[in-house]
Colleague: 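Questions regarding the structure given below will be posed in turn.
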Amino acid sequence: MSYSKYLKDTNLVGGKWISADSGETIDVTNPATGDVIGTIPNCGGAETSRAIDAAAAAFPGLASMGLMDRLDLLWKLHDALLDNRDTLAELLTVEQGKPLFEAKGEITIGAAYVRWFAEEARRAKGEIVPAPGGDRRILVTKHPIGVVGMITPWNFPSSMLARKIAPALAVGCTVVAKPATATPYSGLAWGALCEEVGFPSGSVNIVTGSARKIGGAIMEDARVRKLTFTGSTEVGKELIRQSADTVKKVSMELGGNAPFIVFDDADIDKAVQGAIVSKFRNAGQTCVCANRIYVQAGVYDEFVEKLIVETKKMKVGNGLEDGVEQGPMIDMDAVEKVEEFVADATSKGGEVALGGARHDNGQSFFEPTIITQATQDMMFAKEEIFGPIAPVFKFEKEEEAIAWANDTEFGLASYAYTRDIGRIWRLNDQLQYGMIGINSGLITTVEAPFGGVKDSGLGKEGGSQGLEDYLEVKYTAVDF
Ligand code: ADP
């Protein structure tokens with residue numbers, strides 16, 4: 001198989017590819033077939049501490065390397081990602097399940113993050129601020145924060161690391177990363193690529209295994225100055241608590257519960273296309289997926305009808321097959337969870353307008369599903385679905401839609417379709433979300449700050465803000 005070059009069954013610690021001290025391994029399976037595609041080391045605290053030793057030792061060298069020398073390495077990394085895009089995408093699909101075109105898109109955006117941060121790092125400027133009096137100069141300078149711990153989830157195993165590794169390396173921080181156990185190979189591939197393009201040993205360390213032990217070792221070590229996490233709100237909150245003892249800086253990309261609002265004046269065909277992309281991408285397993293589709297009464301029937309027609313066209317299957325638009329869910333627990341959402345909705349008056357059950361393909365495949373007559377007392381009004389279920393709610397007035405949209409502890413992405421310019425500004429003011437897509441269901445881009453408010457997180461990834469998160473501000477007073 002072409003991807004075997006990047007299927008690393010060992011961990012990268014201090015420039016060496018190692019097994020777990022215990023020799024234990026964990027199987028990694030392809031969710032589309034159930035086949036074991038390889039094993040990874042089951043590492044814990046000891047190996048992680050050695051990874052932190054290596055990252056701490058490599059930090060002064062990487063931080064003081066000439067800026068353009070360091071950025072040249074990032075450009076090589078960018079090129080290596082694109083040169084190996086098809087191979088890396090295949091590996092991603094095999095371990096994660098998403099359709100190959102989505103996997104290629106993920107590698108491409110990962111390379112774009114590397115390029116963006118290589119460009120942004122040249123503009124990480126400080127300031128000279130006027131002093132209040134006397135012969136003084138006030139210098140404000142920016143410095144790499146130090147060793148950064150990274151913990152990432154299984155749904156975007158490559159690009160979630162891209163947003164963290166790229167800004168870290170661009171400013172001279174070194175890395176200890178723990179990819180998700182279900183999808184470790186795309187994470188390990190970052191280690192292999194960084195090594196291949198010539199980053200000094202210890203700059204990037206990748207450890208797999210026990211989340212609690214690896215996470216624990218990262219959190220309790222004072223040399224790790226920042227933790228960047230993407231995953232569930234529950235684990236994120238636990239990590240914020242754990243960060244207190246060493247006063248680490250934290251960035252948190254946590255859960256979402258995105259509202260997708262379609263107003264009477266919307267371009268309905270465009271809204272349907274946007275809803276499909278936003279809802280069914282990665283089989284509904286993204287933190288920015290439309291979770292609650294609110295449609296104004298005047299266009300409700302038309303929207304539902306068109307959504308059913310378009311959703312029916314989606315081909316479900318193994319992501320490696322041509323034309324497949326929806327792959328399997330990550331595992332059977334995920335399938336059981338979406339079944340719970342369907343059962344809850346139907347018990348409260350929801351109607352299954354399409355799908356609603358496991359797919360004939362077996363494994364963890366689930367049918368693209370539309371539930372109409374959704375109401376605010378149903379489970380998906382409060383919780384993130386993380387699966388291919390589109391609940392469609394009916395609303396009458398703008399204020400009602402905004403109030404429902406905000407009635408959640410989450411605040412990551414939100415979407416609205418309307419052509420009313422005044423309403424667009426009201427939505428901008430009133431939607432309590434870190435990201436708002438107006439007339440678009442796909443808004444992630446390297447140039448913009450990705451991140452949430454409320455229980456959806458802290459900090460931003462991408463944009464110029466995504467670099468600042470890896471820099472510490474220092475103030476120097478100089479009297480003369
Ligand atoms: P998801 O539902 O996306 O898998 P999780 O929060 O469970 O979200 O997992 C995201 C990442 O956090 C994974 O790499 C997982 O192994 C890791 N993780 C889970 N529990 C802990 C923990 N207690 N400490 C540190 N990392 C953890």
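One-based numbering, in listed order, for ligands and for the atoms of each. A quick note: this is a predicted structure, and the numbers were derived from the prediction, not measured. Below, all heavy atoms of this structure are taken into account, side chains as well, without hydrogens, waters or symmetry copies.
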Colleague: Going by an N to O cut-off under 4.0 Å, is there a salt bridge joining E472 and R225?
Modeller: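 Judged by the 4.0 Å cut-off on N to carboxylate O distance, E472 and R225 do not form a salt bridge.
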Colleague: On the ring face of F199, is K76 found with NZ or CZ under 6.0 Å from the centre and within 45° of the axis?
Modeller: no
Colleague: Indicate the ring-plane relationship of F341 and F380, choosing parallel, tilted or perpendicular according to the 30° and 60° boundaries.
Modeller: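 Geometry flag for F380 against F341: parallel rings.
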Colleague: Could you tell me how the ring of H78 sits relative to the ring of W75: parallel (under 30°), tilted (30 to 60°) or perpendicular (over 60°)?
Modeller: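 The rings of H78 and W75 stand perpendicular, inter-plane angle above 60°.
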Colleague: Atom CD1 in I214, atom OG1 in T181: separation rounded to 0.5 Å?
Modeller: 7.0 Å
Colleague: Show the nearest heavy-atom pair for residues F386 and M329, with the distance to one decimal.
Modeller: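 Scanning both residues completely, I find the closest heavy atoms to be O-CE, 3.3 Å.
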Colleague: Check each protein residue for a heavy atom under 4.0 Å from ligand 1 and list those that pass, ordered by chain and number.
Modeller: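 Around ligand 1, where the cutoff is 4.0 Å for heavy atoms, the contacting residues are I151, T152, P153, W154, K178, A180, A211, R212, G215, F229, T230, G231, S232, V235, L239.
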